[in-house]
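Reviewing the structure listed below.
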2 protein chains.
Amino acid sequence: MSQDSGGVQPRPRKERTENAARRRGQLIEAALRSIIENGLPGTTLATVAREAGLSQGVAVFYFQTKEGLLAAALERHYERYEENWRQALDAAGDDPAERLAALVRADFHPSVCSREAQIVWHAFWGEASSRPLFNRIADRFDTHRSDALEAAAAALLAELGRDTSEARALGAGIEGLTDGLWLQIYLASGITRPAEALAVTFRFLRALFPERPAVFGAPGD
Amino acid sequence: MSQDSGGVQPRPRKERTENAARRRGQLIEAALRSIIENGLPGTTLATVAREAGLSQGVAVFYFQTKEGLLAAALERHYERYEENWRQALDAAGDDPAERLAALVRADFHPSVCSREAQIVWHAFWGEASSRPLFNRIADRFDTHRSDALEAAAAALLAELGRDTSEARALGAGIEGLTDGLWLQIYLASGITRPAEALAVTFRFLRALFPERPAVFGAPGD
DNA sequence: TTATTTTGTTTGAGCGCTCATGCAAACTAC
DNA sequence: GTAGTTTGCATGAGCGCTCAAACAAAATAA
């Protein structure tokens with residue numbers, strides 16, 4: 001099963017490619033686990049390789065540099081986060097208030113709000129200022145999220161017949177609020193439980209949108 | 001004029017102590033500058049010594065370990081932050097709403113909200129999970145701040161005849177909001193200017209305390 | 001005062017170690 | 001066989017930290 005007439009059939013080893021994807025995934029997950037256990041500066045190619053049960057050389061083989069591997073890990077972390085809120089948004093229906101509530105609720109879902117996940121976020125953010133590559137990745141994904149928040153806020157304001165020019169500021173504020181509560185959870189100071197943080201956020205949303213108190217009512221989780 | 005019979009005249013070298021304090025300060029400032037320039041993992045005893053114009057050995061002489069030096073730098077950063085909001089609070093008078101506004105306004109004062117200052121915050125926070133010493137320092141100072149915020153919120157709620165049991169949640173939320181906006185300024189995503197961030201925060205405060213719109217009005221800076 | 005000792009400070013070379021990366025060889029699936 | 005993997009040791013750079021020695025200031029003695 002190979003000579004298919006003249007053309008150079010570029011069917012390059014399907015299995016090998018799958019293997020590569022699997023290895024890359026294995027290494028990325030190992031990197032995330034190592035960051036959680038050892039912190040980002042404490043994460044070395046050796047700790048990642050050990051965690052993955054592979055040799056150190058294979059990490060270099062698939063990601064040329066350590067920074068490349070870490071960048072891939074950051075992207076994976078953002079992808080999971082984004083997938084989470086996009087699903088919540090899809091499931092939320094058409095009511096703008098429900099969509100806004102869904103976006104906020106998604107931020108405190110255990111899968112993205114666990115202590116482990118927080119460690120990863122702050123580890124990368126802490127180095128973002130001295131690593132342009134990390135900063136660029138963060139910026140790209142953060143834009144997706146704030147666009148979604150702003151759109152939901154704008155739709156809600158329009159529905160209520162209020163000034164939609166406030167949408168950007170409100171979106172940024174809501175985003176800031178959730179991020180800041182994440183920080184409190186991470187540092188274990190003040191608010192420490194996701195459910196509590198969600199309740200606080202909803203309390204703020206009720207104040208901002210007093211026309212729709214029910215939607216931002218007691219957290220139904 | 002000297003023989004006081006038995007007693008050992010304890011006149012202990014005043015100049016030397018001053019010298020030590022000056023050196024320590026010099027090294028701490030150098031460490032902060034190095035963190036801003038090179039990031040925390042990129043900060044070594046060598047970069048700090050170079051920045052201070054001193055030898056590497058002298059850094060070890062005054063702080064026994066690198067971690068000790070970095071911890072001192074984090075404390076200095078928090079002290080400056082705390083001094084800033086305490087002064088603002090003292091200057092704010094007795095009106096609870098004014099006191100709350102002062103606390104928030106202080107957070108976006110250039111001296112604590114510059115990009116350089118943000119880099120330092122997030123550098124330390126990023127490593128707090130793997131460095132118990134950093135975490136303890138952060139926790140201690142964060143408690144001071146949230147106590148002050150909670151107290152201001154409680155006083156305002158009492159004045160308005162509202163339920164004061166909400167004070168803790170509101171304080172945590174306000175703190176979260178400012179911290180989250182700091183993150184946006186730091187990552188240069190969304191809100192990027194302190195004045196803008198302050199306006200957003202005040203917009204939220206007006207929603208939370210509609211009885212006192214004027215106090216949380218357009219930022220007067 | 002001047003000389004000497006004591007005490008505190010500063011230096012920079014260097015030790016032991018870990019790191020990211022390079023690389024030659026071994027292995028494996030076609 | 002051959003091309004794609006995988007290994008794990010070699011390499012050289014850089015790390016925190018040690019330390020003997022040099023230096024400076026203060027205390028003491030003359």
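The chains referred to below are lettered A, B, ... by the order of the sequence lines, with proteins before strands, and numbering in each begins at 1.
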Please work out which of the three classes, parallel, tilted or perpendicular, describes the rings of A:Tyr78 and A:Phe141, given edges at 30° and 60°.
parallel
Between D:dC15 atom P and B:Leu69 atom CG, what is the distance in whole Å?
15 Å
Taking side-chain contact (heavy atoms from CB on, under 4.5 Å) as the definition, give me every residue that meets it alongside A:Ala72, ordered by chain and number, with sequence neighbours left out.
A:Ile28, A:Phe63
Parallel under 30°, tilted from 30 to 60°, perpendicular over 60°: which one fits the rings of A:Phe134 and A:Phe124?
perpendicular
Taken to the nearest whole Å, CZ/B:Arg50 to P/C:dG12 is 14 Å
Between P on D:dT5 and CD on A:Gln26, what's the gap in Å once rounded to a whole number?
14 Å
From OH of A:Tyr62 across to P of C:dT21 the rounded distance in Å is 18 Å
What protein N or O atoms touch nucleotides 16-20 of chain C N or O atoms at under 3.5 angstrom, if any, and at what distances?
| unit_1 | atom_1 | unit_2 | atom_2 | d |
| --- | --- | --- | --- | --- |
| C:dA20 | OP1 | A:Lys66 | NZ | 2.7 |
| C:dA20 | OP2 | A:Leu45 | N | 2.9 |

Tell me whether the rings of A:Phe216 and A:Phe202 are parallel (<30°), tilted (30 to 60°) or perpendicular (>60°).
perpendicular
Could you state the CG-P distance from B:Leu54 to C:dG8, rounded to the nearest angstrom?
20 Å
What integer distance in Å separates B:Asn19:CG from C:dT7:P?
19 Å
Taken to the nearest whole Å, CZ/A:Phe61 to C1'/C:dC23 is 13 Å
From CZ of A:Arg23 across to P of D:dT7 the rounded distance in Å is 7 Å
Under 30°, 30 to 60°, or over 60°: which ring-plane class applies to A:Trp121 and A:Trp125, parallel, tilted or perpendicular?
parallel
Can you confirm whether A:His122 sits close enough to B:Ser129 that some side-chain heavy atom of one is under 4.5 Å from a side-chain heavy atom of the other?
no
